[in-house]
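Residue indices begin at 1 and follow the sequence shown. The basis for the numbers below is simple: all heavy atoms, side chains too, and nothing from hydrogens, waters or symmetry mates.
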Amino acid sequence: MSAYDSVPEVLGVTIDGRAPTPIELMRLINEGLPRSALLSIAATIGASPAAIVAGREPGAARARRKSQATLTPAEGAVVARLAAVWPVALEIWGDGNEARAFLNRPHPLLEGRCPLDVILQGEIGRALVGEILERLRHGSAG
């Protein structure tokens, strides 16, 4: 099972009424996920859309992009990383508020950084947070 299997559901992305495969999801990200995917994950994790995609483009370009219907591939990758982590955090805590608190609370295994900030930095960050979640799932991380 891929870390990205649940991403389409979290983001509300479909192809012909079905969830895309991970390969199809990669294509959708490269072609431009709908802006609604960003709004969906932002609402789910309790972050502002601007905070999620901040720093991905220079200010003027970002301002122009706000009116576009699709995300850039870089923005889509960030959105997909967050959507991959959310179901695992939700499963572990069983409560959306607790899962959101985990994402926004400094963690000692991340050198005091918040999991959300680490995930936003790149795929390595998503993997690090994923490892912490797996350890929590098995009772060996705090």
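Atoms CD1 and CG, on Ile15 and Leu28 in that order, are 4.5 Å from each other to the nearest 0.5 Å. To the nearest 0.5 Å, the span separating CG on Leu71 from CG on Leu11 amounts to 9.0 Å.
Only one option out of Val10, Val129, Ile41 pairs with Val85 in a side-chain contact (heavy atoms from CB on, under 4.5 Å); it is Val129.
With contacts defined as side-chain heavy-atom distances shorter than 4.5 Å, the pair Glu75/Leu38 does not qualify. Side-chain contact between Leu128 and Ile132: absent, with no pair of heavy atoms (C-beta onward) separated by less than 4.5 Å. When side chains are defined from C-beta on, Cys114 does not count as touching Leu103, because their heavy atoms never get closer than 4.5 Å. In this structure the side chain of Leu120 reaches within 4.5 angstrom of the side chain of Leu82, judged on heavy atoms. A heavy-atom distance below 4.5 Å is not found between the side chains of Ile52 and Leu116. In this structure, the side chains of Gln121 and Arg81 stay at 4.5 Å or more apart for every pair of heavy atoms. Looking only at side-chain heavy atoms (C-beta outward), Arg126 and Val118 stay at 4.5 Å or farther from each other. Contact of the Asp5 side chain with the Pro22 side chain is registered, since non-hydrogen atoms from C-beta on lie closer than 4.5 Å.
The backbone N or O of Arg100 sits less than 3.5 Å from a side-chain atom of Asn104, completing a donor-acceptor pair. Checking side-chain atoms of Ser36 against main-chain N and O of Gly12 turns up no donor-acceptor pair under 3.5 Å.
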### CA sep, side-chain torsions, deciding dist, call: Val88, Glu134, side chain to side chain contact (heavy atoms under 4.5 Å, CB included)
CA-CA 8 Å; Val88 181; Glu134 284 305 310; 4.2 Å; yes
### Candidate pair Glu98 and Ile92, rule side chain to side chain contact (heavy atoms under 4.5 Å, CB included), full reasoning
CA-CA 9 Å; Glu98 292 296 320; Ile92 290 167; over 6 Å; no
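Cluster membership for Met26 and Val13, using ILVMFWY side-chain heavy atoms within less than 4.5 angstrom, is not shared. Residue Leu39 is not grouped with residue Ile29 when hydrophobic side chains (ILVMFWY) are merged at heavy-atom distances under 4.5 angstrom, including chains of intermediate members. Hydrophobic clustering, with ILVMFWY side chains joined whenever heavy atoms are under 4.5 angstrom apart, groups Val78 together with Ile124.
Closest of all the heavy-atom pairs between Gly96 and Trp86 is O-CH2, 3.6 Å. The two residues Ala83 and Pro87 come nearest to each other via the heavy atoms O-CD, 3.0 Å. Considering all non-hydrogen atoms of both residues, Pro8 and Ala19 come closest at CB-CB, 4.2 Å.
Under 4.0 Å is where a charged nitrogen must lie from a carboxylate oxygen, and between Glu24 and Arg18 at least one such pair does.
Residue Glu9 places its CD atom among 12 or fewer non-hydrogen atoms of other residues, nucleotides or ligands, all under 6.0 Å distant.
Judged purely by distance below 3.5 Å, without hydrogens or angles, the side chains of Arg27 and Asn30 never pair a donor atom with an acceptor atom.
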